[in-house]
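Below is one structure; the comments refer to it alone.
For the numbers below, each heavy atom of this structure counts, side chains included, while hydrogens, waters and symmetry mates do not.
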Amino acid sequence: MGPDVEYATEKPNSNIELRIYPGADASFKFYEDENDNYNYEKGQSATFTLSWNDKTRKLSISDTKGHFPGQLKSRTFNIVMVKGAHGSDVALTAKADKVVKYAGKAVVVAL
């Protein structure tokens, strides 16, 4: 989750609230590109994978693969473990359970 975006070419947001709903393993591929052209057809895009291991309570974020002009060099994940009312609102959560700085290199976060 992040702030509201009014148009595709708005300044990219480097802060993302990442909510984890414990109870099962999960993974998600994060994709991004320039948002305003067809350069992705020429390979100008980037991805990384977020994987949650419920048993070990660890979140793995893979290396970023790919590159495109204007790509963010780093971002902050405000990680929220959803439990009861904590993290279940439609608004951003006031206090994250963990804050992770991600600069495109693999990281494992214990929660």
Rounded to the nearest 0.5 angstrom, the NZ-CG distance for Lys58 and Asn53 is 8.5 Å

Pairwise side-chain contact, Lys101 with Ser74, heavy-atom cut-off 4.5 Å (strictly under): no

Using the rule that two of Ile, Leu, Val, Met, Phe, Trp, Tyr join whenever any of their side-chain heavy atoms come within less than 4.5 Å, decide whether Val108 and Ile79 are in one cluster. no

Going by the rule side-chain contact (heavy atoms from CB on, under 4.5 Å), which residues pair with Ser14 if we only count those two or more places apart in sequence or in a different chain? Leu72, Arg75

Pairwise side-chain contact, Asp33 with Asn39, heavy-atom cut-off 4.5 Å (strictly under): no

Before you tell me yes or no, could you show the steps for His86 and Asp97 under side chain to side chain contact (heavy atoms under 4.5 Å, CB included), namely the whole-Å CA-CA distance, both residues' side-chain angles and the distance that decides it to 0.1 Å? CA-CA 10 Å; His86 180 67; Asp97 294 302; 3.1 Å; yes

Do you know which two heavy atoms are closest between Phe68 and Glu34, and how far apart they sit? CD1-CG, 3.7 Å

Transitive ILVMFWY side-chain link Phe77 to Met81, under 4.5 Å: yes

Sub-4.5 Å side-chain heavy-atom contact between Phe48 and Leu50: yes

Between Tyr31 and Tyr40, is the ring centroid distance below 6.0 Å? no

Can you tell me how far CD of Glu17 sits from OG1 of Thr93, rounded to the nearest 0.5 angstrom? 3.5 Å

Do Gln71 and Thr64 come close enough that some side-chain heavy atom pair is under 4.5 Å? yes

Test Leu18 against every option in Val80, Asn78, Leu59 by the side chain to side chain contact (heavy atoms under 4.5 Å, CB included) rule and name the one that passes. Leu59

Taking every heavy atom of Pro69 against every heavy atom of Gln44, the minimum-distance pair comes out as CD-OE1, 3.3 Å

Do Phe30 and Ile16 have side-chain heavy atoms sitting under 4.5 Å apart? yes

With no hydrogens and no angle check, is any side-chain donor or acceptor of Asp54 less than 3.5 Å from a backbone partner on Asp25? no

Is the backbone of Gly87 close enough, under 3.5 Å, to the side chain of Arg19 for a donor and an acceptor to pair up by distance? yes

If we only count heavy atoms from C-beta on, is the Trp52 to Arg57 side-chain gap below 4.5 Å? yes

Donor-acceptor contact below 3.5 Å, side chain Asp63 vs main chain Ala106: yes

Enter the distance from Asn15:CG to Leu92:CG here, rounded to the nearest 0.5 Å. 9.5 Å

